[in-house]
Every structure is written in C-alpha cells, then in structure tokens.
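What follows is a single structure, written as structure tokens, with notes after it.
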Amino acid sequence: MGKNSPPPLANRLRTSLLHFLVIPYMSKPLHLGLDHFDSQIRNALAKGLGLDAESLKLERPRDEKLGQFAFPCFRFAKEQKANPKELAQKLADSFQVDSITPSATGPFLNFQIDPSALVKRVATDAAQSNYGAGNLSGKVVVEYSSPNIAKPMHVGHLRTTVIGAALSRLAERAGHDVARINHLGDWGSQFGKLVAAWNRWGNEGELENDPIAHLLQLYVRYHEEEKEDETLPADAKLAFQELESGEENETRAIWKRFTEFSLREFNRTFERLGSEFDFVRGESWYEDQLDPLLEWLESTGVLEESDGATIVDLKEHGIKTPCLVKTAHGTTLYATRDLAAAKSRWEEFQFEQALYVVGAEQNLHFQQFTTVLKKAGCEWANRIEHISFGLIRLLEGKLSTREGRVLSLTEVLDRAVELAAEIIEEKNPDLSDKEAVAERVGVGAILFHDLKHQRNKDVVFNWEEVLSFEGDTGPYLQYSHARCCAILRKSEREAPSFDSINLELLSDSPELFVALGRYPQALRESWEKREPMILAQHLLKMASAGNAFYRDKRVLGEKEELESARLCAIDLLRKTLADGLGILGVPTPEEM
RNA sequence: GCGCCUGUGGCUCAACUGGAUAGAGCAUCUGACUACGGAUCAGAAGGUUGGGGGUUCGAAUCCUCCCAGGCGCACCA
C-alpha cells in the first residue's frame with residue numbers, strides 16, 4: 001500500500017455519509033469493482049477543476065489499450081476558456097493518485113490502472129456474495145406477466161415475464177424491497193362472453209381433458225358467431241353483469257373453475273421460466289374496491305357523463321381520448337380496475353416506484369390512467385412507470401388469439417429443449433441427467449434471446465434465430481460457465497480464496513479483471529435504465545474475456561502457487577457469470 | 001387524419017444518452033484440437049448510420065422537413 005495518497009478512513013466515512021445525506025437516492029454499491037477507481041479519479045479531477053466530483057462523468061476509451069477510463073476535456077475547457085488539449089495535459093501533469101497513470105491523448109485524458117492494484121481490488125470485491133449490491137431502499141412494486149385466464153400463454157407473454165423477473169432481481173440487488181405482482185387477466189366482459197359460449201357449447205369432458213384448449217375454442221367460436229347471432233352478445237353482457245353483481249351465482253361458479261384450471265397450467269410455465277411472484281392477484285382481487293374508487297373519483301370532481309358512459313376528460317392534459325371508467329350499461333372497464341389496483345397498491349405498499357411491465361401497445365392506456373390519478377390529486381402517480389416493450393410479431397402479422405394466430409409459449413420452449421437434447425446427444429452423449437440439462441439449456445436460450453435486445457423494439461419471431469445456440473446466445477454463456485466448472489472439478493480441490501493466493505500472479509490478465517470489475521456498473525445501469533439488456537451484453541463481454549483467459553493461461557498442472565491463483569480467477573469468473581445469469585433468470589448447469 | 005415507437009454491413013443487434021478510427025454475433029472466406037470442453041478461439045471481407053437541411057469544437061445520437069415500417073386512437077383487455 002502506498003503511503004502518500006490513500007484517503008484516511010475518517011475522510012472516506014465522511015464523504016459516504018455526505019452522499020447518504022445529500023443524495024440518498026443515488027446508488028452506492030457496497031462492492032465497487034472498477035467503480036472504486038472511477039470515484040478516485042473523479043475526486044482528483046474535481047479538485048483540479050474546482051468542481052464537484054458528482055458532476056463529472058468518466059467514459060471508456062475508444063480502445064481498451066488506452067486505459068480503463070477516459071475523460072474528454074472539451075466541455076470543461078470551454079467553461080474555463082482554455083484549449084482542450086492543453087487542459088488535458090495540465091490535468092495529466094498535476095494528477096496524482098496511487099496506481100493510476102494518466103495520459104493526455106489530444107483533448108482526451110486517459111487513465112491506466114496498474115494491473116496489480118486492479119486485480120487486487122476486483123478480486124477482493126468480486127469474491128463477496130453481494131458483489132455489486134447497491135444501498136438503495138424502499139419498496140418497489142413490479143407488475144409483470146399477467147396472462148389472461150382461459151387463454152394459452154403465447155410468446156407475447158414471454159417478454160413481460162422474463163423482463164419483469166429480471167428487473168425485480170435487479171431492483172433487489174440495488175437494495176430495494178420488491179413486491180412482484182402477477183396481475184392476472186381474470187375479469188372483464190370477455191368472461192361474460194366465455195360463460196355465454198360455455199352455456200351453449202361447453203363440453204365437460206373436453207374441459208377436464210385440456211381446459212385451456214377447450215376454453216380457447218369456445219372463445220374463438222364466440223367471435224365467429226357473434227356477428228350472425230344477436231342473442232349471443234346480449235347473453236355475454238348479461239353474464240358479465242351477473243359476475244360483477246358480486247352474488248354467488250352460477251356464472252361466478254363457472255368463472256371460478258375456469259380460473260383454477262388456467263392457473264394450474266400457468267404455474268407450470270412460470271416454474272420453467274424461473275418466475276416467482278409474491279402476489280398472484282387477478283383483476284378480480286380489486287373487485288370490491290371498484291365502487292369505492294368510483295365514489296372517490298366522484299368526490300374529487302373529475303368524473304363526467306358522456307353518451308351515457310362515465311368518463312374522465314383529459315384534454316387539458318394533452319390527451320384527446322377520454323378515460324372511460326364505466327360503460328353506459330354500468331359495467332367497469334380495464335382502466336377502472338387499473339385505477340383501483342394502483343390506489344390499492346399505494347395504500348398497501350407506499351411504494352417508491354411501481355413498475356408495470358406491459359407491452360407498448362398500451363402506451364395510451366398508461367398515459368390515461370396515470371393522468372387520471374394526477375388529475376384526482378395523487379402526487380404518487382409520478383412513481384408509476386410503464387416499462388413498455390415492443391411486441392412480438394409473426395411474419396404473417398400480429399399475434400391474435402381471436403383470429404387464431406397464436407404461437408404457444410410451451411411450444412417454443414419445447415422446441416428449444418428438444419433441439420438442446422439433440423445437440424447434447426451429438427456433443428456430449430455420456431452426460432448424466434441429459435433431460436434436465438436439455439431443459440435448462442433450451443429454456444436458457446429462449447430467455448436470453450429475449451433479454452439481450454433493447455426492450456422497446458418490436459421483434460419478428462424467427463425460429464432459426466431463437467433456436468440459435470452459437471455466438472451471442474444463452475448457451476454460449478452457459479458453456480463458458482460449464483467450462484469454468486470443468487476446470488474446477490478437474491483440479492480435485494476446493495477453489496482457493498482470493499486472500500490465500502498470490503494475486504500478483506494474476507496481473508498478467510488485466511482484461512479478465514476489467515470485465516469482472518465492470519460488473520457492478522452493469523448491474524447498476526441495468527436497473528437505473530430498467531434495461532436488462534445492459535447486463536446481458538456485459539455478461540457476453542465477461543464470457544469472452546474468460547474464454548481468452550483460459551485459452552492463453554494454462555491452469556491445471558502449473559506450479560502450485562500459479563495454479564492456485566488461476567483457479568481462483570476461474571472461480572471468480574464462474575461465480576460472477578452464475579450470479580449475472582441468475583439475475584436474468586438463465587439457468588447455469590455445471591455440465592452441458 | 002392525430003399521437004407514440006422504430007429505421008445502423010446480406011441478416012439480428014451494440015455504441016456508455018453529444019465524444020476519439022461506428023463495435024459484436026449469424027451467414028461467407030482463411031486458420032487452430034495427441035492442448036484444463038470446437039456450443040470455443042484467432043483472422044479476412046463487409047458501413048455515405050432511411051434521405052435532405054440545421055444546431056457546434058464534434059451528430060447514429062439534439063432540432064426540422066420528408067420517406068418507410070409498427071402500434072394506438074370511447075363503452076375489448
């Protein structure tokens with residue numbers, strides 16, 4: 001340890017206390033990795049420029065060879081009426097932090113971390129079980145998945161389910177207390193339609209045999225026949241009114257059965273995808289809060305009558321379409337139930353943030369219902385975030401249950417698992433527990449494929465692409481992880497811990513430790529931007545750095561001290577990959 | 001018609017939210033297993049960032065106008 005510049009502990013405590021008081025909402029990870037050097041550099045630069053360290057942001061050099069951090073001087077040169085190149089040089093000359101070498105490259109100031117210090121810092125931090133954890137607090141509610149009862153889950157539900165689950169885990173790692181809510185579509189006029197269809201054409205045997213298929217059949221038939229048969233929509237409307245009446249009648253009993261059957265099937269899929277929920281609360285859960293909600297809206301004076309329906313006009317908020325909260329024939333709507341749910345959740349959780357992982361086609365709906373809340377005087381409506389995502393389309397067009405363009409999620413998962421099984425048979429026929437591994441690899445491929453792109457872009461579903469197991473894919477990451485496991489297994493001893501080895505021996509591999517060291521930043525940004533893709537892309541970089549490491553650096557059979565050090569590096573890589581994949585929900589088999 | 005989103009090598013996507021020579025994977029071509037797992041690695045080729053104009057030290061990114069695609073726009077969810 002150098003003797004001139006490490007800041008005294010008291011100073012560090014004071015600055016972190018300051019952070020806590022001044023900027024409590026900013027994430028301050030407990031185990032920083034490379035962020036440790038980031039703040040050291042910013043503090044030194046801030047002093048040189050007479051600015052606040054928080055206002056400075058470091059970037060990455062174009063080329064890793066130039067260093068790990070870059071600071072473009074243009075902006076500050078302008079403020080100080082100086083030449084950027086000269087400022088860069090001036091800052092470089094006066095920069096003094098242990099183990100960090102600045103170099104002015106034109107108007108850019110680059111920083112090279114001494115490999116030995118870098119390895120030491122990153123190895124120490126990455127060995128912690130909560131590497132990259134933040135110190136945020138407060139409740140975050142995440143609503144995701146939310147399939148509709150009586151309909152099969154299709155590929156469209158994949159996105160909300162895996163994005164929601166990943167964001168929930170990211171929020172937890174950032175320090176939040178998370179409530180995961182599955183807002184099942186178990187209410188609404190569609191159930192009136194379904195009951196009407198069931199009463200005409202329902203078949204007990206088929207329902208027992210394959211409930212969702214039969215219910216889907218009824219639903220499709222309803223839409224085929226409603227145009228010709230006027231009594232059908234009338235029956236449907238009546239049935240939904242009966243359901244909303246709250247009475248324990250025949251209609252309600254049928255609806256309950258449909259719900260139970262559907263949930264049983266959904267749970268199998270949630271389990272395969274590794275999705276967990278703290279609350280499985282359908283829209284019906286808010287049933288008895290609908291009237292109080294309408295009364296409350298009435299009391300705030302936002303309700304109006306229009307064509308017999310009850311609406312909230314939003315023109316003065318720039319939204320031309322009013323929000324309907326009650327139909328002319330007295331039933332509630334989607335927006336009514338979302339309003340009730342939001343209010344109920346606020347009262348229950350006092351959330352810091354409420355995330356709704358719902359497709360982009362509902363942008364208007366979200367604008368409407370959050371604006372209604374604001375108009376009614378709820379400042380907390382600002383804490384609601386619509387995490388929208390682009391829709392999955394088939395080449396033939398948009399998915400549509402009614403029009404029979406469906407692609408069942410189970411089918412997609414099954415095909416991926418089947419293909420994984422074939423590949424295992426070809427590459428690793430002696431593997432034990434092949435079926436279980438195929439399941440994990442197949443599902444992992446589908447999951448990762450969905451998470452590696454920016455949320456809000458539409459995707460055209462392409463079998464060849466989602467079933468790809470090579471290149472930037474889930475199986476590639478799983479493979480890298482499995483190879484680490486293989487090396488550790490073959491060493492036939494416990495992986496040595498970072499404080500029992502000579503870390504100096506690893507300073508010939510700074511690239512691996514840079515990748516590991518940027519993991520906390522990836523976690524943080526991924527959460528801040530609500531973008532799992534950031535973590536997914538970083539894991540690819542880590543795996544790639546890892547592949548280069550065990551290609552160039554022999555582990556087993558080296559002198560004991562060196563073997564220990566490299567085993568430790570492999571173990572840190574293994575552990576960090578597993579951690580990141582776990583957050584994304586991608587399984588990590590030890591062999592494949 | 002109005003509103004929101006998207007447009008980057010043949011294909012699928014990145015680019016640290018205005019920074020350096022626009023980076024990856026697939027496909028194509030060349031090379032690497034008597035080597036801790038070839039679901040891998042090394043290399044080659046491939047770009048006027050949909051088009052025009054503007055803002056400035058600097059634009060894929062910001063403003064503007066076009067073009068193309070997607071989604072949404074009152075009693076469905």
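Predicted model, so just to flag it, every value in this text is computed and none were measured. Every chain is numbered from 1, with letters handed out A, B, ... down the list of sequences.
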Side chain of [X] only, please: which of [options] is the nearest?
X       : options                   : answer
S189(A) : rA20(B), rC36(B), rA77(B) : rA77(B)
I424(A) : rC73(B), rA39(B), rC13(B) : rA39(B)
K490(A) : rG37(B), rG72(B), rG19(B) : rG37(B)
K457(A) : rA77(B), rG37(B), rG7(B)  : rG7(B)
L556(A) : rC36(B), rC16(B), rC73(B) : rC36(B)
L391(A) : rG70(B), rU40(B), rC75(B) : rG70(B)
R62(A)  : rA74(B), rG37(B), rA20(B) : rA20(B)
E470(A) : rC16(B), rA39(B), rC75(B) : rA39(B)
K320(A) : rC76(B), rA42(B), rC2(B)  : rC2(B)
R60(A)  : rC16(B), rC36(B), rA74(B) : rC16(B)

Touch check for [X], heavy atoms < 4.0 angstrom, all strands: base, sugar-phosphate only, or nothing?
X       : value
L324(A) : base
K553(A) : base
A70(A)  : base
D186(A) : nothing

Given that both distances must come in under 3.5 Å, which nucleotide forms a Watson-Crick or G-U wobble pair with [N]?
N       : result
rU56(B) : none
rG1(B)  : rC73(B)
rA44(B) : rU28(B)
rG23(B) : rC13(B)

Task: Donor-acceptor pair present, S306(A) side chain and rA74(B) base, under 3.5 Å - done: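 Checked by distance alone, the answer is yes.
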- [ ] Spell out yes or no: do the side chain of N547(A) and the base of rA39(B) have one donor N/O and one acceptor N/O closer than 3.5 Å?
- [x]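 Per atom types, no contact qualifies.
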Open item on the list: Going by centres under 5.5 angstrom and planes under 30 degrees, do the aromatic ring of Y479(A) and the base ring of rG37(B) stack?
Closed with: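 No, Y479(A) does not stack on the base of rG37(B).
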- [ ] State whether the aromatic ring of F74(A) stacks on the base of rG19(B), taking stacking to mean ring centres under 5.5 Å apart and ring planes under 30° to each other.
- [x]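 The ring of F74(A) is stacked on rG19(B).
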Atom-pair distance ([atom1] on [X]; [atom2] on [N]), nearest Å:
X       : N       : atom1 : atom2 : answer
F389(A) : rC5(B)  : CZ    : C1'   : 14 Å
K452(A) : rA15(B) : NZ    : P     : 14 Å
R75(A)  : rG19(B) : CZ    : P     : 11 Å
N428(A) : rG38(B) : CG    : C1'   : 13 Å
N456(A) : rG69(B) : CG    : P     : 20 Å

- [ ] For rG38(B), take OP1 and OP2 only and decide whether either is under 4.0 Å from a side-chain N or O of R483(A).
- [x]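 Yes.
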- [ ] Check whether any side-chain nitrogen or oxygen of Q537(A) sits under 4.0 Å from OP1 or OP2 of rA24(B), and answer yes or no.
- [x]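 For rA24(B), OP1/OP2 do not have a side-chain N/O of Q537(A) under 4.0 Å.
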Open item on the list: Here's one to test your reading of the geometry: is the NZ or CZ of R524(A) within 45 degrees of the ring axis of W527(A) and under 6.0 Å from its centre?
Closed with: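 Judged by the rule (NZ or CZ under 6.0 Å from the ring centre, within 45° of its axis), R524(A) is not positioned above W527(A).
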Side chains of [X] and [Y], donor plus acceptor under 3.5 Å:
X       : Y       : value
R337(A) : T332(A) : yes
R42(A)  : S55(A)  : no
N110(A) : T105(A) : yes

TODO: Taking the six-membered ring for Trp and the single ring otherwise, decide whether the centroids of F389(A) and H453(A) are under 6.0 Å apart.
DONE: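 Aromatic pair excluded; centres sit 6.0 Å or further apart.
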Open item on the list: Are W285(A) and W187(A), when compared by the centres of their aromatic rings, separated by less than 6.0 Å?
Closed with: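 Ring centroids of W285(A) and W187(A) are no less than 6.0 Å from each other.
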